[in-house]
S.K.: 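First the structure, which I've put down as structure tokens, then a few questions once you've had a look.
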Amino acid sequence: MKEIAPELLEQPEVVVADEKKELAELPNLDKWSKVVMRLAPFPSGPLHIGNARMVVLNDYYVKRYDGTLILVFDDTIGSAEKVVDLEAFDLIPESLDYLGVKCHKTVYKSDRLDLFYKYAIDLIKRGEAYVCDCDAGVWRTDHKVKGIPCVCRNLDIPENIARWEKMLDGTYAEKKAAVRLKTGMDNPDPAMRDHVILRISETDHPRVGSKYRVWPLLEYSWGIDDHELGISHIIRGKDLVKEGKIEQHIWSIYDWPQPELMYYGRLKFQDATLSKSKSGKEVREGTYYGWDDPRTWSMQSLQKRGIDPDAVRKVMLDLGLSLVDISISMKSVYAENRKLRDSEAPRAFFVQDPVWLEALDLKRDHAELLVHPDFPERGVRKIPLHYENGKLQIGIQASDLEKLKSGSIFRLKDLANFTLENKKTPQAKFHSIDVNEVREVGGPIIHWIPRDGSISVELAMIDGTKVMGFAEPGLRDTPVGTFLQFERVGFARIYESGEPIRASFAH
RNA sequence: GCCCCGAUAGUGUAGCACGGCCCAGCAUCGCGGGUUUUCGACCCGUAGACCCGGGUUCAAAUCCCGGUCGGGGCACCA
């Protein structure tokens with residue numbers, strides 16, 4: 001056999017697939033000496049879970065090819081609806097830190113107006129752009145829709161330069177003139193006909209004040225900057241494909257190398273409403289308690305809840321680069337988080353709004369429970385039991401008491417089995433120690449806390465409400481920042497010590 | 001109205017550029033069972049999809065044509 005067909009004896013060299021499913025290669029890598037990508041958030045607040053796709057995808061590829069990642073604050077003047085918020089310049093880097101994203105360089109669009117002006121003049125001189133003083137509404141109905149050029153389009157270059165000066169010096173008021181790029185009035189796509197690339201705005205800018213009154217539009221500023229910054233690959237949402245086409249038009253005029261454009265579809269969460277403007281309003285008005293309020297779905301809020309950034313990254317990467325609009329559930333993030341963090345999370349008892357139960361005849365002075373059921377080597381937690389006149393007060397969840405029938409047997413987890421004597425004024429009598437006694441009859445095993453020694457806990461829920469309750473005494477010594485599991489309640493993270501201890505519910 | 005894009009199980013995704021290895025893989029959810037002193041974790045099993053119609057071909061999830069449905073753009077927003 002060995003001589004006839006030795007290859008059959010050898011173990012086939014199975015190519016072991018990478019643990020992590022790799023995304024597709026970036027296109028045309030050979031065209032570029034280095035992968036350079038950029039993150040371009042509009043600074044109106046921290047990054048939220050919906051922005052994570054853009055961030056994670058770009059960061060992933062930069063890391064994969066050892067490239068450069070540039071953070072570019074897209075802080076042009078915006079509009080009445082889109083307003084730059086100064087604190088976002090700090091909140092966004094904070095969000096990125098959480099996600100483990102490292103930007104090699106930070107750039108502000110609002111620092112680059114002179115550059116945009118320089119190219120604007122050049123474009124006008126080349127006859128590729130013109131200053132249009134038509135009313136926006138009239139231009140839309142009479143020219144764009146019909147594909148008919150307006151008179152401004154055919155004005156000579158000196159006249160256009162003169163008009164440009166008038167835009168800068170204030171002769172033209174807001175909305176009275178704008179620079180249009182000659183993308184073509186005969187373009188079959190009305191969206192592509194001679195788009196405005198610079199316009200007048202007298203609004204004060206939070207960073208540069210009233211220094212400039214002519215501001216670029218996104219597609220123009222990027223047409224210049226993607227080249228100036230040496231960007232090789234662009235990954236962005238598909239709502240920007242028209243802008244991409246306009247950028248390509250600009251790159252063609254100058255015969256610049258064309259960065260690779262890639263788009264992904266819209267991402268919605270079935271169980272989270274994402275609105276940065278609404279969140280901003282609620283934070284300012286104090287309805288939300290801050291940018292780390294879970295209702296903002298900001299990175300800060302996820303961090304506070306103890307969501308591992310790698311859970312977010314994993315989910316985002318799993319979505320890939322598809323153009324389809326998708327709707328996913330936060331449950332997938334939670335599922336990943338559980339995988340990542342369940343093993344580290346110590347267990348504890350927490351009872352919300354406890355009802356007090358009098359436990360009779362128990363002859364133990366403490367309970368011993370495992371810190372983590374899967375890792376007994378991590379030791380035990382002790383819950384001391386104090387008796388007053390031979391009586392022991394135990395707090396249990398109202399919903400658990402409700403399900404119990406008088407006379408039935410139940411177990412206080414890791415302590416003992418009891419028979420419910422009285423439900424109205426809750427009283428239970430010691431039945432037995434062995435867990436099997438309750439298992440055999442299918443009785444419930446519930447969590448509990450002793451009245452004496454427990455510590456009060458405020459648990460911030462995902463819907464913004466805060467619930468009060470008590471946790472076992474040992475929680476006093478649990479460090480701030482600990483991600484733990486309240487048994488039968490869910491995972492949470494302690495973010496503040498004291499009385500009460502404050503924790504944020506994760507999932 | 002005009003232009004562009006997309007369509008694989010409940011949800012998401014792989015495969016589609018070079019048709020056969022795909023009676024379609026993976027994850028999650030569902031269901032059943034096991035284990036566990038949690039409604040957590042773990043283990044085993046199970047169910048579930050190529051939008052429709054035509055064409056090309058020995059062979060189509062993959063190519064072509066037509067349709068349907070869905071999304072986006074048509075701002076002096078980003």
Side-chain angles (χ1 to χ4, degrees), chain A residues 17 21 23-24 40-44 74-84 109 132-137 139-140 144-147 167 174-180 187-193 195-201 214-219 221-222 236-243 245 263 265-267 270 276 314-315 317-329 331-332 334-336 338-339 341-343 345 347-349 367 369-370 372-375 399-400 411-417 434-436 438-439 444-447 485-491 507:
Chain A
K21 184 181 58 192
L23 259 44
F42 182 69
S44 60
D74 219 338
D75 64 335
T76 50
I77 200 69
S79 63
E81 305 84 59
K82 287 210 164 88
V83 182
V84 173
K109 281 261 141 128
C132 175
D133 65 358
C134 298
D135 174 80
W139 195 86
R140 190 181 311 124
K144 184 181 70 187
V145 173
K146 296 176 182 164
M167 282 179 74
E174 241 180 61
K175 304 218 180 236
K176 292 300 177 193
V179 182
R180 290 185 187 279
N187 196 308
D189 182 355
M192 287 297 293
R193 290 174 193 158
H195 229 267
V196 167
I197 55 171
L198 296 120
R199 83 321 184 159
I200 300 165
S201 174
V214 175
W215 287 88
L217 266 66
L218 178 145
E219 46 274 55
S221 71
W222 278 115
R236 50 157 72 136
K238 71 172 181 184
D239 49 313
L240 259 25
V241 303
K242 177 204 71 186
E243 286 69 18
K245 286 180 186 170
Y263 302 97
R266 232 184 110 178
L267 169 64
Q270 294 145 4
K276 212 174 275 184
K314 170 80 162 56
V315 169
L317 253 17
D318 276 352
L319 302 179
L321 219 41
S322 146
L323 243 19
V324 196
D325 295 334
I326 52 176
S327 173
I328 64 167
S329 167
K331 282 181 187 163
S332 47
Y334 301 154
E336 291 303 331
R338 243 178 242 123
K339 280 184 201 164
R341 310 197 71 173
D342 177 70
S343 62
R347 309 290 134 128
F349 281 165
L369 308 87
L370 288 172
H372 191 119
D374 300 338
F375 305 94
S399 57
D400 281 332
R411 181 173 182 81
L412 296 181
K413 188 170 182 282
D414 292 296
L415 180 60
N417 308 322
D434 188 356
V435 66
N436 290 314
V438 76
R439 274 184 179 162
I445 298 170
I446 63 174
H447 60 117
Q485 187 200 98
F486 288 134
E487 295 196 51
R488 303 211 307 141
V489 175
F491 293 89
H507 47 85

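Chain letters run A, B, ... following the sequence lines, proteins first, then strands; residues in each count from 1. Please read these numbers as outputs of a predicted model, since none were measured by experiment.
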S.K.: What is the distance, to the nearest angstrom, from the CZ atom on A:Phe486 to the C1' atom on B:rA41?
M.R.: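 Result: 18 Å.
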S.K.: Just to be sure I understand the rule, does A:Leu218 reach a base, reach only the sugar-phosphate, or reach nothing, if contact means heavy atoms closer than 4.0 Å?
M.R.: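 Answer is base: heavy atoms of A:Leu218 come under 4.0 Å of a base.
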S.K.: For a quick check of understanding: with a heavy-atom distance under 4.0 Å over all strands, which category does A:Ser327 fall into, base, sugar-phosphate or nothing?
M.R.: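 Sugar-phosphate contact only - A:Ser327 comes under 4.0 Å of backbone atoms but never of a base.
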S.K.: For RNA chain B, what is the dot-bracket line, given that a base pair needs Watson-Crick (N1 to N3, plus N6-O4 or O6-N4) or G-U wobble (N1-O2 and O6-N3) geometry with both distances under 3.5 Å, and | means paired with another strand?
M.R.: (((((((..((((......[....)))).(((((.......)))))....(((((..]....))))))))))))....
S.K.: Are side-chain heavy atoms of A:Lys242 and A:Glu219 found at a separation under 4.5 Å?
M.R.: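 Sidechains of A:Glu219 and A:Lys242: in contact.
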S.K.: B:rG70 P sits how many Å from A:Leu267 CG, rounded?
M.R.: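 In whole Å, B:rG70 P and A:Leu267 CG are 21 Å from each other.
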S.K.: Please determine, for the side chain of A:Arg338, which listed nucleotide (B:rU13, B:rU37, B:rG40) has the closest atom?
M.R.: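 The listed nucleotide nearest to A:Arg338's side chain is B:rG40.
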S.K.: Are A:Leu240 and A:Trp222 side-chain neighbours, meaning at least one heavy-atom pair lies under 4.5 Å?
M.R.: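 Contact flag for A:Leu240/A:Trp222 side chains = no.
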S.K.: Let's see if you can work this out: which of B:rG6, B:rG12, B:rA78 has an atom nearest to the side-chain heavy atoms of A:Leu323?
M.R.: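 Between B:rG6, B:rG12, B:rA78, the one nearest the side chain of A:Leu323 would be B:rG6.
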S.K.: In terms of side-chain heavy atoms of A:Arg199, which of B:rU37, B:rC76, B:rG12 is nearest?
M.R.: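 Selected nucleotide: B:rC76.
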S.K.: How long is the line joining CG of A:Asp239 and P of B:rG70, in whole Å?
M.R.: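 Atom-to-atom, A:Asp239 to B:rG70, this comes out as 21 Å.
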S.K.: Check whether any side-chain nitrogen or oxygen of A:Arg266 sits under 4.0 Å from OP1 or OP2 of B:rG72, and answer yes or no.
M.R.: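 The answer is yes; a side-chain N or O of A:Arg266 sits under 4.0 Å from OP1 or OP2.
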S.K.: If only atom types and distance count, is the side chain of A:Arg341 paired as donor or acceptor with the main-chain N or O of A:Lys339 below 3.5 Å?
M.R.: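 Here the side-chain-to-backbone pair does not exist.
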S.K.: Are A:Thr76 and B:rC77 close enough that a side-chain N or O sits under 4.0 Å from OP1 or OP2?
M.R.: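 False: A:Thr76 side-chain N/O out of range (4.0 Å or more) of B:rC77 OP1/OP2.
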S.K.: Without swapping roles, check the side chain of A:Arg193 against the backbone of A:Asn187 for a donor-acceptor pair under 3.5 Å.
M.R.: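 Checked: pair present.
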S.K.: With no angle test and no hydrogens, is the base of B:rA78 tied to the side chain of A:Glu81 by a donor-acceptor pair under 3.5 Å?
M.R.: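 There is none.
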S.K.: What nucleic acid atoms does A:Lys339 come within less than 4.0 Å of, heavy atoms only: base, sugar-phosphate, or nothing?
M.R.: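 Touches sugar-phosphate only.
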S.K.: How far does the C1' atom of B:rA59 sit from the matching atom of B:rG45, given to the nearest Å?
M.R.: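 About 35 Å, rounded to a whole number of Å.
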S.K.: So, is A:Arg347 near the phosphate of B:rU38, with a side-chain N or O under 4.0 Å from OP1 or OP2?
M.R.: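 No, because none of the side-chain N or O atoms of A:Arg347 sits under 4.0 Å from OP1 or OP2 of B:rU38.
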S.K.: Using the C1' atoms only, state how far B:rU62 lies from B:rU57, rounded to an integer number of Å.
M.R.: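 To the nearest whole Å, 13 Å.
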S.K.: Tell me which nucleotide among B:rG73, B:rC5, B:rU37 gets nearest to the side chain of A:Asp189.
M.R.: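 Among the listed nucleotides, the one closest to the side chain of A:Asp189 is B:rG73.
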S.K.: On RNA chain B, compare the nucleotides closest to A:Lys331 and A:His372; which residue's is nearer the 5' end?
M.R.: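 It is A:Lys331 whose nearest nucleotide is closer to the 5' end.
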S.K.: For atom P, what is the distance between B:rG6 and B:rA14, given to the nearest Å?
M.R.: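 14 Å, rounded to whole Å.
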S.K.: Please say whether more than 12 non-hydrogen atoms of neighbouring residues, nucleotides or ligands are located less than 6.0 Å from CZ in A:Arg488.
M.R.: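 Yes, the 6.0 Å shell around CZ holds more than 12 heavy atoms from other groups.
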S.K.: Do the side chain of A:Ser329 and the main chain of A:Ser332 share a donor and acceptor less than 3.5 angstrom apart?
M.R.: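 Absent.
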S.K.: Taking A:Leu323's backbone N and O only, do any of them form a donor-acceptor pair with A:Lys238's side chain (distance below 3.5 Å, no angle check)?
M.R.: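 Present.
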S.K.: Phosphate oxygens OP1/OP2 of B:rC74: is one of them under 4.0 Å from a side-chain N or O of A:Lys242?
M.R.: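 Yes.
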S.K.: Walk me through it: do A:Leu412 and A:Ile446 pass the test side chain to side chain contact (heavy atoms under 4.5 Å, CB included)?
M.R.: CA-CA 5 Å; A:Leu412 296 181; A:Ile446 63 174; 3.9 Å; yes
S.K.: If you measure from the P atom in B:rC42 to the same atom in B:rC52, how many Å do you get, rounded?
M.R.: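 About 36 Å, rounded to a whole number of Å.
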S.K.: Just to confirm, is there a sub-4.0 Å distance from OP1 or OP2 of B:rG12 to any side-chain nitrogen or oxygen of A:Ser329?
M.R.: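 No, outside the criterion.
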S.K.: Write down the distance separating the C1' atoms in B:rC31 and B:rG67, rounded off to the nearest Å.
M.R.: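 Rounded to whole Å, the distance is 38 Å.
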S.K.: Under 4.0 Å: is that the gap between some side-chain N or O of A:Lys245 and OP1 or OP2 of B:rG73?
M.R.: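 False: A:Lys245 side-chain N/O out of range (4.0 Å or more) of B:rG73 OP1/OP2.
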S.K.: Please report the distance, rounded to the nearest Å, between CG in A:Leu412 and P in B:rU38.
M.R.: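 Distance, rounded to whole Å: 14 Å.
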S.K.: Can you see which heavy atom on A:Leu319 is nearest to which on A:Ile328, and at what distance?
M.R.: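 It is CD2-CG2, 4.1 Å.
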S.K.: Identify whether any heavy atom of A:Gly320 sits under 4.0 Å from a base atom; if not, whether one sits that close to sugar-phosphate; answer base, sugar-phosphate or nothing.
M.R.: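 If one applies the 4.0 Å heavy-atom cut-off, A:Gly320 turns out to touch nothing in the nucleic acid.
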S.K.: Report which part of the nucleic acid A:Phe491 touches: base, sugar-phosphate, or nothing (heavy-atom distance under 4.0 Å, all strands).
M.R.: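 Since only primed, P, OP1 and OP2 atoms lie under 4.0 Å of A:Phe491, the category is sugar-phosphate.
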S.K.: Atom CG of A:Leu369 and atom C1' of B:rU37: how far apart are they, to the nearest Å?
M.R.: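 For the pair A:Leu369 CG and B:rU37 C1', the rounded distance is 9 Å.
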S.K.: When you compare B:rG48 with B:rG55, how far apart are their C1' atoms, in angstrom units rounded to a whole number?
M.R.: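 That atom pair is separated by 31 Å.
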S.K.: Rounded to the Å, how far apart are A:Phe375 CZ and B:rG40 C1'?
M.R.: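 To the nearest whole Å, that distance equals 12 Å.
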S.K.: Considering only atom P, compute the distance from B:rC22 to B:rC3 and round it to an integer number of Å.
M.R.: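 About 42 Å, rounded to a whole number of Å.
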S.K.: Select base, sugar-phosphate, or nothing to describe what A:Val324 touches, counting heavy atoms under 4.0 Å on all strands.
M.R.: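 The residue A:Val324 makes sugar-phosphate contact but no base contact.
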S.K.: Base, sugar-phosphate, or nothing: which does A:Glu174 touch, judged by heavy atoms less than 4.0 Å apart?
M.R.: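 Since no nucleic acid heavy atom lies under 4.0 Å of A:Glu174, the category is nothing.
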S.K.: Tell me what A:Leu240 touches on the nucleic acid: a base, only sugar-phosphate, or nothing, going by heavy atoms under 4.0 Å.
M.R.: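 The residue A:Leu240 makes base contact.
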S.K.: Could you tell me which residues satisfy side chain to side chain donor-acceptor pair (under 3.5 Å) with A:Glu487, sequence neighbours excluded, listed by chain and number?
M.R.: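 Expected list: A:Arg381, A:Lys413.
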S.K.: Which nucleotide sits closest to the side chain of A:Ala178: B:rU38, B:rG12, B:rC76?
M.R.: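 Of the options given, the side chain of A:Ala178 lies nearest B:rC76.
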S.K.: Can you work out whether A:Ser322 or A:Ile200 has the more 5'-proximal nearest nucleotide on RNA chain B?
M.R.: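 Looking at the nearest nucleotide for each, A:Ser322 comes out on the 5' side.
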S.K.: Is a donor-acceptor contact shorter than 3.5 angstrom present between the side chain of A:Asp374 and the base of B:rG40?
M.R.: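 Result: at least one qualifying N/O pair found.
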S.K.: Going by a 90° cut-off around 0, is B:rA27 syn or anti?
M.R.: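 Anti, angle beyond 90° from zero.
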S.K.: Measure the distance from NZ on A:Lys413 to P on B:rC39 and round it to the nearest whole Å.
M.R.: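 For the pair A:Lys413 NZ and B:rC39 P, the rounded distance is 9 Å.
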S.K.: For the residue pair A:Lys109 / A:Ser221, report whether a side-chain donor-acceptor contact shorter than 3.5 Å exists.
M.R.: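 A:Lys109 and A:Ser221 do have a side-chain donor-acceptor pair below 3.5 Å.
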S.K.: Answer with base, sugar-phosphate or nothing: what part of the nucleic acid does A:Pro188 contact at a heavy-atom distance below 4.0 Å?
M.R.: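 Sugar-phosphate only.
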S.K.: Can you find a donor-acceptor N/O pair under 3.5 angstrom joining the side chain of A:Asp318 to the base of B:rU13?
M.R.: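 Donor-acceptor pair under 3.5 Å: no.
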S.K.: Looking only at side-chain atoms of A:Lys175, point me to the closest of B:rU38, B:rC76, B:rC74.
M.R.: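 The closest nucleotide is B:rC76.
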S.K.: Side-chain donor or acceptor of A:Gln270 under 3.5 Å from a matching atom on the base of B:rU11?
M.R.: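 By the distance-only test, no, there is no pair.
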S.K.: For atom P, what is the distance between B:rC65 and B:rC18, given to the nearest Å?
M.R.: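 These two P atoms come out 15 Å apart once rounded.
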S.K.: Please work out if A:Ser343 contacts a base, only the sugar-phosphate, or nothing of the nucleic acid, heavy-atom cut-off 4.0 Å.
M.R.: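 Nothing, no nucleic acid heavy atom in range.
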S.K.: Taking A:Gly490's backbone N and O only, do any of them form a donor-acceptor pair with A:His507's side chain (distance below 3.5 Å, no angle check)?
M.R.: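 Side chain of A:His507 to backbone of A:Gly490, a donor-acceptor pair under 3.5 Å: no, none is there.
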S.K.: Between B:rA78, B:rC76, B:rG12, which one does the side chain of A:Arg180 approach most closely?
M.R.: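 Looking only at side-chain atoms, A:Arg180 lies closest to B:rC76.
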S.K.: Report the nucleotide, chosen from B:rG73, B:rA78, B:rG71, that has the shortest atom-to-atom distance to any side-chain atom of A:Lys238.
M.R.: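 Between B:rG73, B:rA78, B:rG71, the one nearest the side chain of A:Lys238 would be B:rG71.
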S.K.: Is there a side-chain contact between A:Arg140 and the phosphate of B:rG1, meaning an N or O under 4.0 Å from OP1 or OP2?
M.R.: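 For B:rG1, neither OP1 nor OP2 has a side-chain N or O of A:Arg140 closer than 4.0 Å.
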